[in-house]
There are 2 protein chains.
Amino acid sequence: MKEKYAGSVLPRARPRPGGGCGPGPDPCAACTARVISVCDAVSPEDLPRLAALTTPLEASAHRTFIAAGDRADFLFNITGGVVKVYRLLADGRQQITGFLFPGDFLGLATNNTYAFSAEAVTDVRYCRFPRKGLEQFLDDVPKVEKRLLTIASNELAAAQEQMVLLGRKTAREKLATFLVMLGGRMSRLGDSTEEFSLPMSRADIADYLGLTTETVSRTFTQFRTEKLIALPKNDRVRVTDRPALAALAEAE
Amino acid sequence: MKEKYAGSVLPRARPRPGGGCGPGPDPCAACTARVISVCDAVSPEDLPRLAALTTPLEASAHRTFIAAGDRADFLFNITGGVVKVYRLLADGRQQITGFLFPGDFLGLATNNTYAFSAEAVTDVRYCRFPRKGLEQFLDDVPKVEKRLLTIASNELAAAQEQMVLLGRKTAREKLATFLVMLGGRMSRLGDSTEEFSLPMSRADIADYLGLTTETVSRTFTQFRTEKLIALPKNDRVRVTDRPALAALAEAE
DNA sequence: CGGGACTTTGAGCAAATTCAACCATTGTGG
DNA sequence: CCACAATGGTTGAATTTGCTCAAAGTCCCG
């Protein structure tokens with residue numbers, strides 16, 4: 001199992017392992033993830049109202065907490081841990097469309113049902129908002145709606161980036177891009193860019209990059225042989241030749 | 001050149017070839033694309049104000065009217081013709097992230113610059129809005145902002161779909177998906193689902209599906225041999241076995 | 001210490017690419 | 001009006017990248 005990863009994602013997060021909402025009457029005010037999420041757009045005086053809508057929840061590693069086809073009654077904000085968002089084909093082929101980290105937002109749905117599934121990669125903490133209530137809240141606090149639009153735009157840009165990766169990059173370029181991206185992300189969460197944890201399995205990395213586990217593994221080995229990276233543990237990378245890795249990643 | 005395609009995309013559109021905004025004092029009110037676009041969320045009394053912000057423009061086939069890196073001062077609404085949105089890698093590899101049709105919206109940008117380029121595939125008509133002015137307008141007409149969020153959500157869902165295609169589908173499945181999608185899109189624009197125009201080149205299809213022109217061409221030939229489709233002209237498809245094509249497309 | 005899950009490695013294979021030639025359509029200039 | 005160049009599309013052969021199938025190897029954790 002993967003419980004080992006729990007809490008390793010926010011090494012310097014303060015109040016609770018894995019980060020997350022604080023307890024007490026005003027949990028959102030104490031939320032360690034707030035500064036990097038939607039909730040940042042909420043002014044202090046509106047926080048209690050947001051908190052009233054919020055249900056803080058947890059999911060242990062490998063739990064699927066959103067299944068494609070479910071009624072899309074909720075929106076989510078990840079406060080601790082790592083989540084994978086994915087789609088399946090009928091025969092089981094899986095494409096992971098994104099990994100979510102603390103502060104990331106989830107749940108923008110087109111119809112009344114989710115078109116994707118979401119599974120906890122590590123133990124996860126998240127806040128759940130009922131769509132109905134949140135929509136009301138959004139009407140009253142337009143700033144948050146703007147923020148949502150910004151978030152959606154960012155995700156759209158990221159999605160386009162990922163399409164370039166999936167459609168036009170080689171296995172080496174894909175993995176290099178992934179490592180650079182993950183390093184950046186991890187460092188923003190308090191880990192170092194040079195050495196950081198790799199919370200997801202090889203299979204998940206493969207399903208994110210449009211490859212097989214074997215190819216991911218082989219490419220890791222190549223990179224290690226070429227001294228671009230080191231793998232002190234299976235779930236930890238040290239980038240030893242950042243320029244070379246970045247060059248591979250940004251064939252653009 | 002491709003001028004031959006101009007106007008072939010909205011066969012039943014009324015007022016002008018290729019559709020587009022009407023002339024005169026209230027062009028938006030006469031816009032044939034309005035009913036299927038953002039502008040639909042604008043109430044009649046606000047239309048003049050929107051019209052005041054709008055600059056109707058044209059671009060002939062193959063003209064790049066947004067280049068990645070440009071300052072993102074404008075938003076766009078396609079009113080006639082077909083546009084491709086794409087990204088390039090340094091060595092020229094291209095990934096088309098989407099084709100836009102009349103009613104489609106374009107320009108959501110993360111930073112101050114566009115991260116993508118946009119090129120007219122056929123002769124194109126479009127409306128241009130200055131970001132600044134539009135933002136003001138959005139503040140006053142929250143309904144439109146909501147609509148934008150909905151559009152962004154839809155695009156996000158489409159982007160995820162495309163990631164599945166790029167990362168996990170075979171060449172045959174990719175082309176089948178593309179044809180089904182295009183058929184649906186074309187029929188909503190007044191063409192038939194059974195036979196419709198194929199306004200983009202094989203190279204563009206390849207760059208959209210993460211394949212090479214050769215593979216696209218070979219797969220077209222396969223489909224023709226298997227009597228799934230017919231190609232009365234190079235730029236026209238007739239779907240002769242829709243169920244089979246759909247089955248190939250939706251391996252999901 | 002042993003079982004299970006995950007990862008790595010190897011060998012052969014297949015899908016898609018590359019490189020190259022050929023064909024078809026269209027538009028141009030003689 | 002026809003020849004012909006140009007562009008885009010198709011086809012073929014050889015090659016390559018990444019996949020499949022199979023077998024070890026590793027690392028936890030109990």
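Predicted model, so just to flag it, every value in this text is computed and none were measured. The sequence lines fix the lettering, A, B, ..., with proteins before strands; numbering per chain opens at 1.
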Whole-Å distance separating the [atom1] atom of [X] from the [atom2] atom of [N]:
{"X": "K233(A)", "N": "dT7(C)", "atom1": "NZ", "atom2": "P", "value": "13 Å"}
{"X": "H62(A)", "N": "dC6(C)", "atom1": "NE2", "atom2": "C1'", "value": "10 Å"}
{"X": "D235(A)", "N": "dT26(D)", "atom1": "CG", "atom2": "P", "value": "17 Å"}
{"X": "K169(B)", "N": "dA16(C)", "atom1": "NZ", "atom2": "P", "value": "14 Å"}
{"X": "D207(B)", "N": "dT17(C)", "atom1": "CG", "atom2": "C1'", "value": "14 Å"}
{"X": "Q222(B)", "N": "dA15(C)", "atom1": "CD", "atom2": "P", "value": "10 Å"}
{"X": "R224(A)", "N": "dT8(C)", "atom1": "CZ", "atom2": "C1'", "value": "9 Å"}
{"X": "F220(A)", "N": "dT26(D)", "atom1": "CZ", "atom2": "P", "value": "18 Å"}

* **Donor + acceptor pair across side chains of R202(A), N234(A) (<3.5 Å)** => yes
* Asked: Can you tell me if Q222(A) and R172(A) form a side-chain donor-acceptor pair at under 3.5 Å?
  -> yes
* Heavy atoms under 4.0 Å, any strand shown: does T221(B) hit a base, just sugar-phosphate, or nothing? -> sugar-phosphate
* To do: Name the nucleic acid region contacted by T170(A), choosing base, sugar-phosphate or nothing; use a 4.0 angstrom heavy-atom cut-off, strictly under.
  => sugar-phosphate
* To do: Any chance you could lay out the salt bridge (Lys or Arg N to Asp or Glu O under 4.0 Å) test for E173(A) and R93(B), step after step, and finish with the verdict?
  => CA-CA 13 Å; E173(A) 290 166 347; R93(B) 277 176 286 176; 2.8 Å; yes
* Side chain of R202(B): nearest nucleotide among dG9(D), dT11(D), dT8(C)? -> dG9(D)
* Can you find a side chain N or O atom of N234(A) that sits less than 4.0 Å from OP1 or OP2 on dT8(C)? -> yes
* Asked: Do the side chain of R224(A) and the main chain of I229(A) share a donor and acceptor less than 3.5 angstrom apart?
  -> no
Could you run down the sub-3.5 Å N/O contacts of the protein with nucleotides 19-25 of chain D?
from: dC19(D); atom 1: OP2; to: T212(A); atom 2: N; distance (Å): 3.4
from: dC19(D); atom 1: OP2; to: T212(A); atom 2: OG1; distance (Å): 3.1
from: dC19(D); atom 1: OP2; to: T215(A); atom 2: OG1; distance (Å): 2.4
from: dT20(D); atom 1: O4; to: R218(A); atom 2: NH2; distance (Å): 2.9
from: dC21(D); atom 1: N4; to: E214(A); atom 2: OE2; distance (Å): 3.0

* **Five-pair end axes of the helix from dC1(C)-dG30(D) to dG30(C)-dC1(D) and the angle they enclose, rounded to 10°** => 30°
* To do: List the steps, then state whether side chain to side chain contact (heavy atoms under 4.5 Å, CB included) holds for R63(A) with E119(A).
  => CA-CA 6 Å; R63(A) 168 112 190 286; E119(A) 181 184 310; 6.0 Å; no
* To do: Apply side chain to side chain contact (heavy atoms under 4.5 Å, CB included) to M200(A) and F99(A), showing your working.
  => CA-CA 9 Å; M200(A) 62 291 289; F99(A) 289 108; 3.8 Å; yes
* Structure fact -> Which of D204(A), D207(A), T97(A) passes side chain to side chain donor-acceptor pair (under 3.5 Å) with K84(A)? It is D204(A)
* Please work out whether the ring planes of F76(B) and F65(B) are parallel, tilted or perpendicular, with thresholds of 30° and 60°. => perpendicular
* Asked: Got a sec: does the CD of E226(A) have more than 12 other heavy atoms crowding it under 6.0 Å?
  -> yes
